[in-house]
**Student:** 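So that we are looking at the same thing, I have put the structure below in structure tokens.
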Amino acid sequence: MKHLKYNIAFVLLLAASSLQAQLLYQVSGNSAQAKSYILATNKLVDMSFLDTIPNVFKCFSQCNKVLTEFAFQDYQAIAVLRKAALLPDSIQLKNFYDERKYNFIDESLRLTLGMGLDQLARMKPSYLTEMYRAELFKKWLQYDENRSMEAFFQAVAEERDIPVIGLDQIGETMFMLFDREPFHWQCDELYNLIENPERDVKQEATIRDMYLMGRLTDIAYQVESPDNHSTISFSDYQVYSKRNIEWVKRLKPYLHTGNVFIVLDCVYLGGDKGLIAQLRKAGYKIKPVNRKN
């Protein structure tokens with residue numbers, strides 16, 4: 001009954017928020033030969049929410065390429081990433097924790113993931129952190145990776161033989177996933193997440209609610225704030241900001257020809273350092289698709 005009440009409330013929130021949410025943007029100008037589009041996504045939101053975003057499928061149908069952070073359907077790249085998640089033989093995770101913390105992590109992983117450090121100690125702490133976060137979100141925020149809107153358009157594009165292009169090269173993706181923070185920070189982050197899981201749950205719930213209202217700028221400020229002590233925090237946002245500048249350069253040839261559908265997490269788009277602001281600085285016209293003025 002508790003989950004039923006939550007689901008009813010969530011559906012009502014989706015319907016109400018969709019009336020004001022600005023999540024789909026048109027990109028033109030700067031010598032672009034045709035229009036392109038940017039859609040903000042949030043992995044915690046069910047793909048059914050797409051039905052509440054006016055014109056999103058119409059805009060998608062006008063495009064002949066999908067651009068995203070990482071192409072999930074690139075199976076060769078996924079195999080490389082899985083290998084990159086492994087620690088080198090010269091590094092043992094137990095050397096970075098005292099016995100109490102190591103045992104605490106081991107017990108928590110067993111309870112949450114069904115596997116302990118006897119099976120997972122070869123994995124980088126950043127990988128374990130993401131695994132643990134996913135399970136937290138499944139339990140407390142009803143996250144369903146099979147229903148997430150995040151990969152919807154990639155899957156549709158694959159069915160229709162539409163090219164899906166990652167903005168990051170494979171080495172950059174590996175860096176973002178596993179090495180953007182020093183190793184000892186990764187170790188501390190894993191322990192802190194397990195000790196204080198409510199921080200990440202609360203943060204991601206807040207971002208999801210802001211997303212449903214189309215508050216992309218507020219999402220940027222939420223992540224960028226020095227008061228944010230979740231695993232995606234101020235230091236990560238600085239990395240994202242620098243990458244946005246590089247992404248504008250990589251988007252240029254695709255935007256020049258137009259008819260591109262860009263799908264990116266909402267964290268990357270809003271604020272004065274977000275991708276939308278950087279595209280405007282580069283001379284592009286960015287217009288919310290569903291605004292009435």
Side-chain angles (χ1 to χ4, degrees), residues 2-3 6 42-45 81-82 84-145 148 150 173-211 218-241 265-268:
K2 180 179 179 181
H3 288 298
Y6 172 85
N42 182 288
K43 71 178 183 180
L44 298 182
V45 176
L81 287 173
R82 286 175 177 168
L86 294 173
L87 286 171
D89 293 336
S90 59
I91 297 179
Q92 295 188 34
L93 200 57
K94 64 181 181 181
N95 293 334
F96 290 83
Y97 298 105
D98 60 32
E99 184 177 1
R100 183 190 66 80
K101 288 185 176 180
Y102 189 83
N103 290 337
F104 174 68
I105 293 172
D106 177 58
E107 181 181 358
S108 299
L109 293 178
R110 289 182 189 280
L111 289 172
T112 303
L113 303 180
M115 295 180 287
L117 288 174
D118 54 339
Q119 297 168 279
L120 298 171
R122 287 291 316 283
M123 311 307 296
K124 290 182 178 178
S126 54
Y127 182 82
L128 297 178
T129 294
E130 288 307 311
M131 290 179 65
Y132 199 86
R133 273 168 49 90
E135 292 302 315
L136 288 177
F137 301 156
K138 289 175 184 177
K139 180 178 180 180
W140 298 108
L141 301 176
Q142 288 69 53
Y143 169 51
D144 182 350
E145 57 190 343
S148 173
E150 185 177 42
T173 301
M174 289 190 292
F175 171 79
M176 291 298 295
L177 290 175
F178 307 126
D179 299 307
R180 71 176 181 265
E181 294 179 334
F183 189 79
H184 67 281
W185 284 16
Q186 294 182 33
C187 293
D188 290 344
E189 192 171 74
L190 174 61
Y191 177 79
N192 290 333
L193 171 65
I194 293 174
E195 188 176 43
N196 304 287
E198 70 283 352
R199 292 177 181 173
D200 274 63
V201 172
K202 181 179 179 181
Q203 174 77 343
E204 292 299 329
T206 299
I207 290 174
R208 181 194 62 192
D209 293 346
M210 289 177 173
Y211 170 82
D218 288 344
I219 290 172
Y221 294 150
Q222 180 75 17
V223 177
E224 188 180 13
S225 170
D227 296 329
N228 171 19
H229 299 295
S230 70
T231 56
I232 307 299
S233 58
F234 179 79
S235 61
D236 297 293
Y237 190 77
Q238 303 313 301
V239 176
Y240 298 157
S241 301
D265 190 281
C266 58
V267 170
Y268 307 141

**Student:** Just do the side chain to side chain contact (heavy atoms under 4.5 Å, CB included) check on Y191 and N196 with the steps written out, would you?
**Tutor:** CA-CA 8 Å; Y191 177 79; N196 304 287; over 6 Å; no
**Student:** Under the salt bridge (charged side-chain N to carboxylate O under 4.0 Å, His left out) definition, can you give me all pairs with a residue in residues 109-137, not counting sequence neighbours?
**Tutor:** D89-R122, D106-R110, R110-D118, K124-D179, E130-R133, R133-D200, R133-E204, E135-K138
**Student:** Indicate yes or no: at least one non-hydrogen side-chain atom of L193 is less than 4.5 angstrom from one of L136.
**Tutor:** yes
**Student:** Among residues at least two apart in sequence or on other chains, which ones pass salt bridge (Lys or Arg N to Asp or Glu O under 4.0 Å) with E224?
**Tutor:** K273
**Student:** Taking everything shown except E107 itself, do over 12 heavy atoms lie less than 6.0 Å from its CD?
**Tutor:** no
**Student:** Given 3.5 Å as the limit, does a donor-acceptor pair link the side chain of E150 with the main chain of N42, or not?
**Tutor:** no
**Student:** Would you say the side chain of N228 lies within less than 4.5 Å of the side chain of F234, judging by non-hydrogen atoms?
**Tutor:** no
**Student:** Given side chains that start at C-beta, do those of L113 and M131 come closer than 4.5 Å, heavy atoms only?
**Tutor:** yes
**Student:** Given the rule in the side chain to side chain contact (heavy atoms under 4.5 Å, CB included) test, do L109 and L120 qualify, once you have shown the distances and angles that lead to the verdict?
**Tutor:** CA-CA 9 Å; L109 293 178; L120 298 171; 4.3 Å; yes
**Student:** Can L93 and I105 be said to form a side chain to side chain contact (heavy atoms under 4.5 Å, CB included), step by step?
**Tutor:** CA-CA 11 Å; L93 200 57; I105 293 172; 6.0 Å; no
**Student:** Under a 3.5 Å distance rule, please check whether S225 uses its side chain to pair with a backbone N or O of Y221 as donor and acceptor.
**Tutor:** no
**Student:** Identify the two heavy atoms, one from Y97 and one from C187, that lie closest to each other, and give their separation to 0.1 Å.
**Tutor:** OH-O, 2.7 Å
**Student:** Does Y127 have more than 12 heavy atoms from other residues, nucleotides or ligands lying within 6.0 Å of its OH?
**Tutor:** no
**Student:** For residues S233 and V223, determine if any side-chain heavy atom of one lies less than 4.5 Å from a side-chain heavy atom of the other.
**Tutor:** no
**Student:** Can you see which heavy atom on I232 is nearest to which on D236, and at what distance?
**Tutor:** CA-OD2, 3.5 Å
**Student:** Could you go step by step and tell me if F96 and D188 meet the side chain to side chain contact (heavy atoms under 4.5 Å, CB included) rule?
**Tutor:** CA-CA 9 Å; F96 290 83; D188 290 344; over 6 Å; no
**Student:** Restricting to salt bridge (Lys or Arg N to Asp or Glu O under 4.0 Å), what partner residues turn up for K101, sequence neighbours left out?
**Tutor:** none
**Student:** So S108 and Y132, do their side chains get closer than 4.5 Å, heavy atoms only?
**Tutor:** yes
**Student:** Dump the intermediate steps for side chain to side chain donor-acceptor pair (under 3.5 Å) on E189 and T231, then the final yes or no.
**Tutor:** CA-CA 6 Å; E189 192 171 74; T231 56; 5.2 Å; no
**Student:** Is atom CD of E198 surrounded by more than 12 heavy atoms (other residues, nucleotides or ligands) closer than 6.0 Å?
**Tutor:** yes
**Student:** Within the distance-only criterion (no hydrogens, no angle test), does the side chain of Q203 pair as donor or acceptor with the backbone N or O of S230 below 3.5 angstrom?
**Tutor:** no
**Student:** When rounded to the nearest 0.5 angstrom, what is the spacing between CG in L117 and CD in Q92?
**Tutor:** 12.0 Å
